[in-house]
Amino acid sequence: MKILIIGGGGREHALVWKVLQSPLTDVVFVAPGNAGTALETRVYNVAIKSTDIPALIKFAQKEKIDLTIVGPELPLIMGIVDEFRKSGLNIFGPTKSASQIENSKVFAKKFLLRHNIATPKYEYFTEINLAISYLNTIKFPIVIKANGLAAGKGVMILHNKQEAEKIVKNMLTGNLFGNSGKSIIIEEFLYGEEVSFIVMVDGKNILPMATSQDYKRIGNNNTGLNTGGMGSRSPAVFINNNLYHNIIEQIIYPTVFGMAMEQNPYTGFLYAGLIINELGKPYVIEFNCRLGDPETQSIMMRLQSDFVDLCMAGCNGILDKKDINWDSRYALSLVLATKGYPNHFINNDEIHGLSKINCNNSKIFHSGTSLCRNKLFTNGGRVLCITTLDEDTKKVKERLYKIAESIYWKNIYYRTDIGFD
Ligand code: AMP
Ligand code: GLY
């Protein structure tokens with residue numbers, strides 16, 4: 001089969017790596033890919049942006065692509081799945097309408113309330129005065145969220161009214177996140193453990209991926225700014241059988257059935273960002289219409305089933321006929337970033353040390369890298385992601401950081417507390 005992967009981050013490199021292990025795969029194209037995908041055998045990077053849907057369709061038709069898998073949210077939200085299907089192309093992902101679940105916080109919140117799925121209390125605002133009066137009536141901390149997409153930065157946790165007023169004004173006037181912040185939700189702050197619960201969906205059936213957690217903040221001990229994710233682990237060890245069952249029954253099935261019932265069937269990867277409160281009750285704090293990055297790197301490392309076969313089953317509505325098998329070992333991923341990320345950072349540092357690494361039970365996935373005359377350079381905030389597997393939670397961490405220490409570039413930065421503790 002000829003497979004096309006859309007995107008160019010660490011998540012997409014992990015998808016490419018897993019797709020290559022399928023006996024069904026002949027060749028993989030990645031649009032646009034990165035230096036890591038370019039270095040894999042039987043893989044070709046294609047210089048088409050992940051949002052250039054007409055060019056992607058033309059390419060897929062010309063190459064007679066059998067299956068397309070989409071990594072990032074933007075092409076999904078722009079309607080890549082609808083357009084590919086109209087052109088008779090096989091693609092695994094949600095439609096434009098279904099991807100509103102990530103694209104609009106208000107859509108997601110209203111959907112959750114309609115279907116009685118647990119989520120923190122919230123109010124929706126477009127007017128500064130109304131939002132500020134509301135701040136007088138609530139207990140802090142609170143969470144303010146831009147309604148639209150804001151590159152993972154649109155969520156702020158505020159501890160007092162003064163701070164909150166400033167953010168409300170800056171968001172609603174469009175100063176902070178442009179149009180995405182001109183409508184906001186103000187949400188109750190929940191205390192608890194976060195988990196990324198990702199499932200494959202074919203419109204009616206689901207197949208859960210291994211549980212995972214990511215480390216969202218830039219600094220050790222979960223301090224500093226929110227990022228796309230500085231590390232991940234799988235499984236989420238605190239999820240016992242009872243909680244797992246509750247998440248499926250109280251959150252995942254009602255979401256998938258609710259979407260189908262509203263004539264908006266969900267297909268593709270569904271990512272429920274959950275907080276499990278002190279009483280062990282799961283609440284949805286967000287949905288993503290895609291796989292997580294870097295959760296995917298840890299999940300793919302543990303996946304033993306044929307990923308291409310599963311995605312085809314997802315396209316054909318027969319996920320109920322499939323099982324999914326996982327390596328029982330612990331997977332841990334560490335993102336190596338460039339100093340300054342998630343704000344301003346410098347590209348084009350030469351990356352050293354990669355060729356000397358023993359990759360037994362480990363893999364280095366590329367995100368922001370470029371290749372020039374056989375040398376590797378940084379080309380993004382998140383540059384590499386080291387993922388490793390072990391049955392021992394201590395050994396997995398030791399191996400991860402041993403590999404990290406052998407990699408170097410001038411402005412390298414990573415957290416030193418990623419692990420199973
Ligand atoms: P989101 O983009 O909605 O996942 O939010 C980013 C981060 O903000 C989450 O990973 C949580 O750490 C935090 N967060 C979002 N909503 C809440 C909430 N209602 N209570 C506590 N923390 C939250
Ligand atoms: N790691 C969080 C995300 O992919 O949204």
Side-chain angles (χ1 to χ4, degrees), residues 7 9-12 14-15 70-74 76-77 99 101-109 112 118-123 138-159 167 177 180-181 184-198 209 211-219 221-234 236 269-278 281-300 333-335 337 342 365 367 381-382 385 387 415 418:
R11 167 183 51 209
E12 288 75 25
L15 294 177
V70 189
E73 63 277 15
L74 217 49
L76 295 167
I77 284 162
S99 56
I101 211 156
E102 172 166 359
N103 189 29
S104 165
K105 301 261 186 216
V106 177
F107 174 91
K109 278 294 199 185
L112 288 163
T119 187
K121 286 197 207 82
Y122 83 105
E123 291 289 336
I138 51 176
K139 271 205 310 210
F140 285 82
I142 55 156
V143 188
I144 303 185
K145 300 185 178 184
N147 181 35
L149 286 187
K153 294 181 184 172
V155 175
M156 308 268 194
I157 295 164
L158 287 319
H159 295 272
I167 295 298
F177 303 115
S180 289
I184 58 170
I185 65 173
I186 302 183
E187 189 173 272
E188 168 197 12
F189 180 89
L190 280 191
Y191 293 90
E193 182 95 27
E194 276 186 65
V195 58
S196 308
F197 204 94
I198 306 173
M209 309 300 282
T211 58
S212 62
Q213 291 179 286
D214 75 338
Y215 293 78
K216 285 218 168 61
R217 304 293 196 93
I218 188 71
N221 301 316
N222 301 323
T223 53
L225 294 174
N226 253 327
T227 70
M230 297 302 291
S232 69
R233 58 188 186 185
S234 175
F269 298 98
L270 174 68
Y271 169 141
L274 308 177
I275 288 187
I276 316 299
N277 78 0
E278 299 93 328
K281 184 174 162 70
Y283 287 79
V284 176
I285 53 165
E286 67 161 349
F287 282 121
N288 292 316
C289 62
R290 53 171 174 80
L291 285 158
D293 185 347
E295 289 94 324
T296 302
Q297 290 86 316
S298 290
I299 291 171
M300 288 297 140
S333 295
L334 173 69
V335 170
F365 297 111
S367 311
R382 293 193 291 177
C385 176
T387 303
R415 277 179 63 162
I418 305 296

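One-based numbering, in listed order, for ligands and for the atoms of each.
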Close residues, ligand 2: non-hydrogen atom nearer than 4.0 Å: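 Protein residues near ligand 2 are D214, G228, Y271, N288, R290, G292, D293, P294, E295.
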Residues E187, K105: salt bridge by 4.0 Å N-O rule: no
Sidechain N-carboxylate O distance under 4.0 Å for K145, E286: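 Here K145 does not pair with E286 in a salt bridge, since their nearest N and O are not under 4.0 Å apart.
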Taking the side chain as C-beta and beyond, is there a heavy-atom pair between [X] and [Y] under 4.5 Å?
{"X": "I218", "Y": "M230", "value": "yes"}
{"X": "S99", "Y": "F107", "value": "no"}
{"X": "L149", "Y": "L74", "value": "yes"}
{"X": "N222", "Y": "R415", "value": "yes"}
{"X": "S298", "Y": "S212", "value": "no"}

Under 4.0 Å from ligand 1 - residues by heavy atom, chain and number: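 Within 4.0 Å of ligand 1, protein side: K105, P120, V143, K145, V155, E187, E188, F189, L190, E194, K216, N226, I275, I285, E286.
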From CA spacing to verdict: side-chain hydrogen bond (donor to acceptor under 3.5 Å, both in side chains), S333, Q297: CA-CA 7 Å; S333 295; Q297 290 86 316; 6.0 Å; no
N/O donor-acceptor pair under 3.5 Å between S234 side chain and T211 backbone: yes
